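Everything below concerns the one structure shown next.
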Amino acid sequence: MTSELFDPDRLRTLERLRSEGVDPYPARSPSPSPIASARDLAEKGEAEATVAGRILAHRPFGKLAFLVLQDRTGRIQVAVRKGEVGERAWAVYGRLDLGDLLAAKGKVGRTKTGEVTLFATEVVLLAKALLPPPEKWHGLADVELRTRLRYVDLWASEGVREVFEKRARLVRAIRAFLDGRGYVEVETPTFHPIAGGASARPFTTHHNTLDLDLYLRIALELPLKKLLVGGLERVYEIGRVFRNEGISRKHNPEFTMLESYEAYADYEGIARLVEEMFAEAARAVSGTTEVPFRGRTYAFAPPFRRARYADLLREHAGVDLFDEGALRARARTAGLPEAGRPAAVVANDLFEALVEERLEGPVFVLDYPAEICPLAKRKPADPRFAERFELFVAGMELANAFTELNDPVLQEEILRGQVASRDEEAPRAVDTDFLRALAYGMPPAGGLGVGIDRLAMLLADAPTIRDVILFPLMRPERG
RNA sequence: GCGCCCGUAGCUCAGCCGGUAGAGCGGCGGCCUUUUAAGCCGUGGGUCGCAGGUUCGAUCCCUGCCGGGCGCACCA
């Protein structure tokens, strides 16, 4: 019994092909040239090429037909003539459908209308499509379908593949940039017995043999710092982290973080690193540091603007960071909860509600209140502040960095305080192995976290994070 | 989680103040050796997201549910 997943017309065609001795899914294919290079042969006259790709269009004229094949490099028209390919291939051609994968061999030239065309002497079916492609003019328009059927949207809609190619160039550029500065790329566990390094609700899972409850990591931070203790000195990881939170234009429950740590650096050094890295990434993706995004242009050329957290809060929220009464009053007028929350948290709620969305940037926001930076070192000259910055572009937080706290005693105190707070998003236990590592001596260091998906959104001018994640989380189909 | 909006053929979409549903593309059959969303002739295709309710009668109005979008919340 055949599944109802497939188009009955096409299943019938499949059987007819088989009964005629044609293998609809041959094990081997002719080795094709990229369509883009085959097209170049048009000007050289009489040059022969083999191409392979998906049939996107079909224009039959009796004993002649024009097909349009598409591969990753482009499209080419293929002319199939009965007199040229012979009866057998003509019969195969007659069973072709839009969406099938096909190889064609022949001379590349131009038709009398000037269209670059491969005049086929052979056509070989490479894979029969059992479902029809979307409507040829509009393509896939429904956002849900485009996401669920990403494997169709990638070839059926203009520009989708380019977004992911840009993302790939972005990641490659970051690797090259860090590798060039003596960083070593590492991979650390995604299963954590304690979900630390950030404040977020984790996903839980279980290992059967060890009978062990585990969390999926919410950050890369703690294992990478252990590697600083281990003497790696310059490390980074690009990897998936998981946060059990809502979904929005800027949020997917699993997303890709870059975290890097550099011994003997501080947050100012990391700010300079970020400027150069982002400029390099922009150039790698689009050849320029002028980045268009949602109708505006952002200059990714160093230096980026710097602004102090407290100054921005005063400018946009009209309150002094250390005037608790004013903070609480302002929070109430803004409709934010403040009762029972620490002043620094209230301030940060105000910052997020009133300041962040106005930060077009790129702008480094410097010197956060120390209370909301449990893993950062305080400013020696004013310990009310942590040596921390976040980078904002287009109202989005793209990077977060600080001079890393390496005082084991102070770190223990802070972590114990977090656990005692019983905050839903605080770790439920102190990561004593992390503290033990610090106790062996971690060099002073600057650390960085970058949301790769958001950076990809920026550089690909993609309005939602779903556009830069191939298979974003969705509810399963059916009900 | 909350609010607003959306769900009609494989796809893209119409469908008026409630009277049992249409187009284009695609499909199927036919014609055609130079097209560019090819054209022409013929033709099949629907649980109007699902389940209730109101009504003589529901794609249309109401309620609930499912899926999605946007916004809010959440997201140091």
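In this text, all values refer to a predicted model and were calculated from it rather than measured experimentally.
Taking the centre of each ring, A:Phe164 and A:Tyr151 stay at or above the 6.0 Å mark.
As a whole-Å value, the separation of A:Leu415 CG from B:rA76 C1' is 14 Å. In this structure, A:Arg475 atom CZ and B:rG69 atom C1' are separated by 13 Å, rounded to whole Å. Rounded to a whole Å, the CD atom of A:Glu144 is 11 Å from the P atom of B:rC11. Taking atom NE2 of residue A:His58 and atom P of nucleotide B:rC25, one finds them 15 Å apart after rounding to whole Å. Rounding to whole angstrom units, CD1 of residue A:Ile247 and P of B:rG71 are separated by 14 Å. Straight-line distance from the CZ atom of A:Arg95 to the C1' atom of B:rG29: 13 Å, rounded to whole Å. Per the geometry, CG belonging to A:Asp9 stands 9 Å off P belonging to B:rG27, to the nearest Å. When the C1' atom of B:rA73 is taken as reference, atom CD of A:Glu352 falls 12 Å away, rounded to whole Å.
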Under 3.5 Å, N/O pairs linking protein and nucleotides 34-37 of chain B:
residue: B:rU34; atom: O2'; partner: A:Lys112; partner atom: NZ; Å: 2.9
residue: B:rU34; atom: O4; partner: A:Arg81; partner atom: NH1; Å: 3.1
residue: B:rU35; atom: O2; partner: A:Arg59; partner atom: NE; Å: 2.6
residue: B:rU35; atom: O2; partner: A:Arg59; partner atom: NH2; Å: 3.3
residue: B:rU35; atom: O2; partner: A:Gln77; partner atom: OE1; Å: 3.2
residue: B:rU35; atom: N3; partner: A:Gln77; partner atom: OE1; Å: 2.8
residue: B:rU35; atom: N3; partner: A:Gln77; partner atom: NE2; Å: 2.9
residue: B:rU35; atom: O4; partner: A:Gln77; partner atom: NE2; Å: 2.6
residue: B:rU35; atom: O4; partner: A:Thr111; partner atom: OG1; Å: 2.7
residue: B:rU36; atom: N3; partner: A:Glu115; partner atom: OE1; Å: 3.4
residue: B:rU36; atom: O4; partner: A:Thr113; partner atom: OG1; Å: 2.1
residue: B:rA37; atom: O3'; partner: A:Lys136; partner atom: NZ; Å: 3.2

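Applying the ring-ring contact (aromatic ring centres under 6.0 Å, His included) definition to pairs two or more places apart or across chains, those involving residues 330-377 of chain A are A:Phe304-A:Phe364, A:Tyr309-A:Phe351, A:Tyr309-A:Tyr368, A:Phe364-A:Phe389. Screening residues 70-99 of chain A for ring-ring contact (aromatic ring centres under 6.0 Å, His included) gives A:His58-A:Tyr93, A:Trp90-A:Tyr93 as the qualifying pairs, with residues at least two apart or on separate chains. Evaluation of the ring-ring contact (aromatic ring centres under 6.0 Å, His included) test over residues 33-53 of chain A, restricted to residues two or more places apart or in two chains, returns none.
By the salt bridge (charged side-chain N to carboxylate O under 4.0 Å, His left out) test, A:Glu268 pairs with no residue at all, sequence neighbours left out.
Where A:Arg201 and A:Thr464 each meet RNA chain B at their nearest nucleotide, the meeting point lying more 5' is that of A:Thr464. Comparing A:Glu390 and A:Thr147, the nucleotide of RNA chain B nearest to each residue sits closer to the 5' end for A:Thr147.
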*Stepwise side-chain hydrogen bond (donor to acceptor under 3.5 Å, both in side chains) check, A:Glu352 with A:Asn348*: CA-CA 6 Å; A:Glu352 290 176 0; A:Asn348 203 48; 3.2 Å; yes

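With both pairing distances under 3.5 Å, B:rA14 is matched to nothing as a Watson-Crick or G-U wobble pair. With a cut-off of 3.5 Å on both pairing distances, B:rU59 has no Watson-Crick or G-U wobble partner at all.
Panel note: side chain A:Asp461, backbone A:Arg294; a donor-acceptor pair is recorded below 3.5 Å.
Listed by residue number, the members of residues 356-363 of chain A with any heavy atom below 4.0 angstrom from RNA chain B form an empty set.
Of the candidates A:Arg388, A:Lys377, A:Lys225, A:Glu404 forms a salt bridge (Lys or Arg N to Asp or Glu O under 4.0 Å) with just one, namely A:Lys225.
Shown here for A:Ala198 and A:Ile218, the closest heavy-atom pair between the two residues is O-CD1, 3.4 Å.
Note on A:Arg10: every side-chain N or O is 4.0 Å or more away from OP1 and OP2 of B:rG10.
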